[in-house]
Protein chains: 2
Amino acid sequence: MFSGLLDEREKRILCIVIQNYIQTARPIGSENICKNYNLKISSATLRNILANLEKNGYLMHPYTSAGRIPTDKGYRFYVDDLEENKQLSVQEEMLLAAGYKINKYELKEMLMQISQLLSLVSHYTGFVFSVSPEKVIFKHLKLIHLSNKKILAVFITQGGLIEHRLIHLQLPISVKNLKKMCKILNDELIGFTIREVRQEIFNKIKEQGIGYREFLELAEKLGEQIFKIKEELYLEGIPNILSFSEDDKKVESIFRLLEEREMLSYLLKNEFNEKEKVKVFIGNENLYPEMDNWSIVSAAYKTGDCSVGLLGIIGPKRMEYSRIIAEVDYISRMANKLLEQVEEE
Amino acid sequence: MFSGLLDEREKRILCIVIQNYIQTARPIGSENICKNYNLKISSATLRNILANLEKNGYLMHPYTSAGRIPTDKGYRFYVDDLEENKQLSVQEEMLLAAGYKINKYELKEMLMQISQLLSLVSHYTGFVFSVSPEKVIFKHLKLIHLSNKKILAVFITQGGLIEHRLIHLQLPISVKNLKKMCKILNDELIGFTIREVRQEIFNKIKEQGIGYREFLELAEKLGEQIFKIKEELYLEGIPNILSFSEDDKKVESIFRLLEEREMLSYLLKNEFNEKEKVKVFIGNENLYPEMDNWSIVSAAYKTGDCSVGLLGIIGPKRMEYSRIIAEVDYISRMANKLLEQVEEE
DNA sequence: TATTAGCACTCGTACTACTAGAGTGCTAAC
DNA sequence: GTTAGCACTCTAGTAGTACGAGTGCTAATA
């Protein structure tokens, strides 16, 4: 028996060890496996196999006479092996479809609700990480004249995001001029990303040569105040994750990590390109030492303008991957469908 | 020495015990107090005093030969005693004033930033609990015609809250009719609370006798979709609270409690009337058993229309009350000032 | 060559026993 | 009212021990 690939029996046993550990959070030993699973081999043979799996890095044991627990490589194998049959049961799917009404009227609220849904069904912590401003495309701007010095600006992106802001001007502007300005901006800026809009808006107005000072002021303030969307993170079900603190008290560092958003931003930018498949990041695969005992199951979602965000769940490394992957997969597909609808309408 | 009120020396010693416990999280005994604080009495006298304080319910000791720790009543005394000189140092005040730029352009974002600020300076978990819809007063509605069947509705409350929503109609509506509808609603609904608006909007349109079916549809959808604001809770600095889990793992239950919002809603409705003073809720004073080891320091804030919300921090019962009270006080006054500005402008 | 039984060995957990020390409460003297 | 002295109590920490789960190795077996 040389190292390298695993034969069927080894796979089977590896999966048993992992599933057992996921369920019980305890190491399991050869004797116990023999007793509980009807493998037609003795515990001695099993020990040989386990030793081999350990030699190849799939398992480890915390001390000499403890049973085996999976390594990250072990989990990785398990998850990859699983990935094919990640299907929700019909009941679950119906439950998900029927049991939750997502609000389609406001993108932000919708994202929040999706993250709630993720937490609800997974029993871990759900997150939705919104799209980065480089990818969001401007569609339409409305400037509403509340008074000569008070303008309500509302813009809509191609993905259906709506942002509003109250703008206070130093120099008064007339209704007529406001309309003019609005038309110019809509004509000039359509199709730009929000970041570009922010950079260009002042110049566009200047170029037009209609250099009323109030135009320039408004353009400047619009750029500063409204075209300034940022990545947002919706986290729901935080208490769920707390119940898994188990051995170490590193939960705190996880939340610090999440609050910084850097990690999710990194994943979004580097790990998800076009495909919208569910991806699993196990323990140290996340590159952050704080994530040592945790895994992320996530998928990208697309808004109407093809910008991408990230959604998924964070849970302990020993999570029920098969269930969770199926759930995240389902919800991400649901999210994409919902977002398409927002766009169409 | 009969029970009842505390004399100066007793007060002094009570405060020493509490401060010590706040700093070290350990019981302290008579001998130690004598050694470290220059009281001109022996440890035996001290023991008599401590026993007396315990008899009166200000202190307790977890077991026979442990030192004393404060009870809720003890903390309460300490905090009430403190309340007078809750002043921020000049440096701190300047730091707070200079170090943080609150965004004044969007109420929701502002509230979120305030809660971040609370967490940042207190090192505990900051919260801002927004106003209940019964108290928010309608000011202005804009209906923006995007297409015949697609309306962007934006409304502004007297407190400066802006809400928008995209409305999809079954029956097309013309620009002219939309304007008409908008005018009617603005005339009829000004001064109502949002809850009332929601109840009345359909009737108001009906009463006008201009019963085009598209008017009724729009009125109905407006009521359903946009005049539907709810209490919101901004929580920041969750990791901070996790580092205080100490003895028991009840942090989880705290967060479940917070997610439910009921407690804060209760406080807001029952404990804060007109005055905008900082209030401290210690341990079981909160009525929720989960709060046993935690305290809330909070203050009400007012938006322009005199509706009220709650802000503050949640931290371990043994927190640095004097510092925290001063900070919450300062930030709540700052918030009120900011909100006044929003209104004025 | 793969499988198995047998067995010595390892190490962590759980339990017990013991000690040191911190702190109390009481008493009697000042 | 204050203080010194002292017996008493209880915890935290340490050490010792027994148990048992599990391993890894060896030699026999199919």
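The analysis underlying the following values was restricted to heavy atoms, covering all of them including side chains, and did not include hydrogens, waters or symmetry mates. Treat the numbers as computed from the prediction; the structure is a model and nothing was measured. Naming: A, B, ... by sequence-line order, numbering from 1 per chain.
The separation between A:Leu46 atom CG and C:dT3 atom P is 11 Å, rounded to whole Å. As a whole-Å value, the separation of B:Ile49 CD1 from D:dT2 P is 7 Å. Distance CD1 (A:Ile13) to C1' (C:dA2): 14 Å, rounded to an integer number of Å. Look at CD1 on B:Ile41: it is 22 Å from P on C:dC30, rounded to the nearest Å.
Overall bending of the helix from C:dT1-D:dA30 to C:dC30-D:dG1, expressed as the angle between end axes built from five pairs apiece, is 20° (10° steps).
The existence of a salt bridge linking A:Lys35 and A:Glu31 is excluded, since no basic side-chain nitrogen approaches an acidic carboxylate oxygen closer than 4.0 Å. Salt bridge B:Lys317/B:Asp72: present, at least one basic N to carboxylate O contact under 4.0 Å. A salt bridge does not link B:Lys11 to B:Asp7: none of the charged nitrogens lies less than 4.0 Å from a carboxylate oxygen. Salt bridge absent: A:Glu260 and A:Arg256 never bring a charged side-chain N and a carboxylate O closer than 4.0 Å.
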Problem set entry | Per-nucleotide protein contact string for nucleotides 8-26 of chain D (B base, S sugar-phosphate only, - none; heavy atom under 4.0 Å) | -BBS---------BBBB--
Problem set entry | Derivation and outcome, side chain to side chain donor-acceptor pair (under 3.5 Å), residues A:Tyr288 and A:Ser253 | CA-CA 10 Å; A:Tyr288 290 81; A:Ser253 56; over 6 Å; no
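The shortest side-chain heavy-atom distance between A:Met291 and A:Leu257 falls under the 4.5 Å cut-off. Residues B:Ile296 and B:Met263 have side chains in contact (heavy-atom distance under 4.5 Å, counting atoms from C-beta outward).
OP1 or OP2 of D:dT2 lies within a sub-4.0 Å distance of a side-chain N or O belonging to B:Arg9.
Taking the six-membered ring where the residue is Trp, the centroids of B:Tyr58 and B:Phe77 are separated by under 6.0 Å.
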